[in-house]
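See structure below.
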Amino acid sequence: MDRPRSIGLKEFLRRDREAVFVDRKRRTIKEMERAANHAVAALGPDQDVQRIEHSHVGRLKRHLKDKGLSPASITKVIRYLQGAFTRGLRHSQVVSNPFAAVELPKVQRNKVAFYETEQVEALVEAAPGPWWKTLIRLAFTSGLRQGELLNLLWEDGDFARSTVTVTPKAARTFQAGGRQYPIFEWTAKDYATRVVRIPKSTVEALRALRDFQEPPRSAYVFLSLDALDGLAEYMSSHDGDLPDKLVNNITRDFASIRRQAEASMAEGVDDPQPWTATGFHALRKSYGTVMAQRVRPHELQRLFGHSDIKTTMSFYVGETDTSEQVEAAFKDAFTSDS
């Protein structure tokens with residue numbers, strides 16, 4: 001077999017992204033681009049991929065560290081390069097994978113920070129209107145990711161059965177007020193459809209939100225007709241690409257709600273404890289922490305939409321307090337000293 005011809009690192013990584021573009025989500029492609037840019041900055045755009053060796057890998061790791069990247073971010077860059085060169089080997093584009101045996105930095109897993117139930121109640125109370133109140137309540141009682149919530153359609157909810165369904169969306173339109181509006185193509189992070197049961201109080205909150213949204217009404221639960229107009233306008237000037245965030249300032253606005261809620265709970269308390277949870281995503285973690293005490297790990301994995309049970313086990317199952325179960329299991333095990 002002929003030796004693969006020389007090719008520069010920048011061009012090799014560009015071709016790799018082009019080859020997998022249709023099989024990867026847009027967010028993943030952007031992460032691949034960022035990783036490629038780091039590799040090119042460290043090793044040079046014309047670095048022959050056939051001549052990359054251990055010293056080049058060390059140079060890249062030093063570059064990433066000097067740039068202030070976290071161990072988790074460094075791991076992402078290395079893993080992308082591992083994948084790109086593995087694909088290159090498969091298609092006879094390179095003769096070896098210099099990143100295959102790279103020692104990855106150890107990533108410290110912090111304890112999951114979550115909101116207590118009374119803190120979530122304070123968040124809902126501090127929220128400025130039905131949109132935010134329902135979004136917070138649904139996030140806490142379903143464990144849906146922010147992207148899953150914002151892509152939720154009214155047809156995805158079954159109020160009679162108290163369920164919401166996370167399911168892929170094909171690009172299509174719906175009619176409201178005599179106009180056509182878009183439903184955007186979308187897939188969940190794990191590409192799978194899953195049905196999640198929610199409490200009746202959350203169902204009632206969704207009903208109230210739907211009633212609040214007077215006709216003509218959007219097909220989306222949390223994207224109004226005005227928001228869809230704005231997104232369509234953005235896409236028309238960005239080659240059909242959606243923005244990274246479907247709702248502007250959601251992080252900033254939630255942070256404001258959280259501060260108000262924490263301040264409200266601290267009123268009249270001599271020694272208020274600071275909240276450990278911070279962002280919107282912690283609502284999903286809170287759901288996982290609550291459910292980990294009530295369902296088996298594989299069921300929790302399904303509810304969360306984790307593709308790997310290890311993620312569920314490492315982040316949530318370890319948080320469960322099993323002291324009562326242990327006491328009950330061995331209550332009568334040792335009745336004598338014999």
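Reckoned from all heavy atoms, side chains included, excluding hydrogens, waters and symmetry mates. It should be emphasised that the depicted structure is a prediction, and the values quoted were computed from it without experimental measurement.
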Residue pair L13 / A84: nearest heavy atoms and the distance that separates them: CD2-CB, 3.9 Å

Sub-4.5 Å side-chain heavy-atom contact between L138 and V221: no

Could you check whether T141 and T202, counting side-chain N and O atoms only, form a donor-acceptor pair closer than 3.5 Å? yes

Quick one, F114 and V290 - any side-chain contact, counting heavy atoms below 4.5 Å? no

Answer yes or no: does atom CD of E214 have more than 12 heavy-atom neighbours from other residues, nucleotides or ligands under 6.0 Å? no

Output yes when a side-chain donor or acceptor of H56 lies under 3.5 Å from a complementary backbone atom of I52, and no otherwise. no

Partners meeting side-chain contact (heavy atoms from CB on, under 4.5 Å) with A35 (sequence neighbours left out): V77, Y80

Note: D229-R179 ion pair, threshold 4.0 Å (strictly below): yes

Atom CG of N37 and atom CE of M32: how far apart are they, to the nearest 0.5 Å? 12.0 Å

Using a 6.0 Å cut-off, check whether atom CD of E11 has over 12 heavy atoms from anything other than its own residue. yes

Matching residue for T167 among N151, T193, T187 - test: side chain to side chain donor-acceptor pair (under 3.5 Å): T193

Please list, chain by chain and in numerical order, all residues satisfying side-chain contact (heavy atoms from CB on, under 4.5 Å) with D158, sequence neighbours excluded. A160, R161, T163

Nearest heavy-atom pair of R137 and S201: which atoms, and what distance? CD-O, 4.0 Å

Working for side chain to side chain donor-acceptor pair (under 3.5 Å), residues S6 and Q50: CA-CA 6 Å; S6 297; Q50 314 299 347; over 6 Å; no

Step through the shown structure and confirm whether more than 12 heavy atoms of other residues, nucleotides or ligands are within 6.0 Å of CD on E185. no

Carefully, step by step, assess F140 and Y287 under the rule ring-ring contact (aromatic ring centres under 6.0 Å, His included). CA-CA 5 Å; F140 175 61; Y287 170 85; 7.9 Å; no

Hey, does the side chain of Y115 reach the backbone of T278 with a donor-acceptor pair shorter than 3.5 angstrom? yes

Say whether, by atom type as modelled, one donor and one acceptor occur between the side chain of T75 and the main chain of P71 under 3.5 angstrom. yes

Counting heavy atoms not belonging to F212, are there more than 12 under 6.0 Å from its CZ? no

Short side-chain to backbone donor-acceptor contact, Q119 and E116, under 3.5 Å: yes

Salt-bridge contact R15-E18 (side-chain N to carboxylate O under 4.0 Å): no

Does a side-chain N-to-carboxylate-O contact under 4.0 Å join E262 and R259? no

Minimal non-hydrogen separation, I183 against L153, with atom names: CD1-CD1, 4.1 Å

Yes or no on salt bridge (Lys or Arg N to Asp or Glu O under 4.0 Å) for E204 and R207, after CA distance, side-chain angles and deciding distance? CA-CA 5 Å; E204 292 308 311; R207 288 185 193 273; 3.4 Å; yes

Between I136 and L123 the two heavy atoms that sit nearest each other are CD1-O, 3.9 Å

W154 and Y220: aromatic ring centres closer than 6.0 Å? no

Can you say whether the rings of F12 and F85 are parallel (under 30°), tilted (30 to 60°) or perpendicular (over 60°)? tilted

Heavy atoms of L149 and S142 approach each other most closely as CD2-OG, 4.5 Å

Heavy-atom distance under 4.5 Å between the side chains of V247 and F222, does that happen here? no

Sidechain-backbone polar pair: S237 side chain, Y234 backbone, donor-acceptor under 3.5 Å: yes

Charged N to carboxylate O below 4.0 Å: is that the case for K10 and D46? no

Here the gap from L283 atom CG to Q146 atom CD, rounded to the nearest 0.5 Å, amounts to 10.0 Å

When you measure from the side chain of R284 to the backbone of L144, do you find a donor-acceptor pair of N or O atoms at a distance under 3.5 Å? no

Is there a side-chain contact (heavy atoms from CB on, under 4.5 Å) between F280 and D253 once you walk through the steps? CA-CA 10 Å; F280 185 85; D253 292 347; over 6 Å; no

Nearest heavy-atom pair of A266 and P272: which atoms, and what distance? CB-CB, 3.7 Å

Evaluation steps, side-chain contact (heavy atoms from CB on, under 4.5 Å), between L135 and L209: CA-CA 10 Å; L135 183 69; L209 178 63; over 6 Å; no

Test: E148 and R145 ion pair at under 4.0 Å: yes

Please tell me if the side chains of L223 and L231 come closer than 4.5 Å, counting only heavy atoms from C-beta onward. yes

In the structure I gave you, are the side-chain heavy atoms of N249 and R252 within less than 4.5 Å of one another anywhere? yes

Measuring from atom OG of S224 to atom CD of Q213, what distance do you get when rounded to the nearest 0.5 angstrom? 8.0 Å

For R172, is there an ion pair with E155 - N to carboxylate O distance below 4.0 angstrom? yes

Going from CG on L64 to OG on S73, what distance comes out if it is rounded to the nearest 0.5 angstrom? 9.0 Å

Distance, nearest 0.5 Å, that separates NE2 of H91 from CZ of R87: 8.5 Å

Side-chain heavy atoms of T173 within contact of Y181, under 4.5 Å: no

Any side-chain heavy atom of S162 sitting closer than 4.5 Å to one from K200? yes

Derivation of the side-chain contact (heavy atoms from CB on, under 4.5 Å) call for H38 and L69: CA-CA 11 Å; H38 280 299; L69 268 69; 3.9 Å; yes

Heavy-atom count check: over 12 atoms from other residues, nucleotides or ligands less than 6.0 Å from R79 CZ? no

With distance as the sole test, does R258 use its side chain to make a donor-acceptor pair with the main-chain N or O of G279 at under 3.5 Å? no

Counting distance only, does the side-chain N/O of N97 pair as donor-acceptor with the main-chain N or O of F99 below 3.5 Å? yes

Are more than 12 heavy atoms from other residues, nucleotides or ligands located less than 6.0 Å from atom CD of E118? yes

Please examine the side chains of V196 and R194, heavy atoms only from C-beta on, and report whether any two atoms are closer than 4.5 Å. yes

N-O pairing of D156 and K169 below 4.0 Å: yes

Side chains of S286 and T289 only: does a donor on one sit below 3.5 Å from an acceptor on the other? no

What distance separates L150 CG from W186 CH2, expressed to the nearest 0.5 Å? 9.5 Å

If you draw a 6.0 Å radius around NZ in K61, do more than 12 non-hydrogen atoms from other residues or ligands fall strictly inside? yes

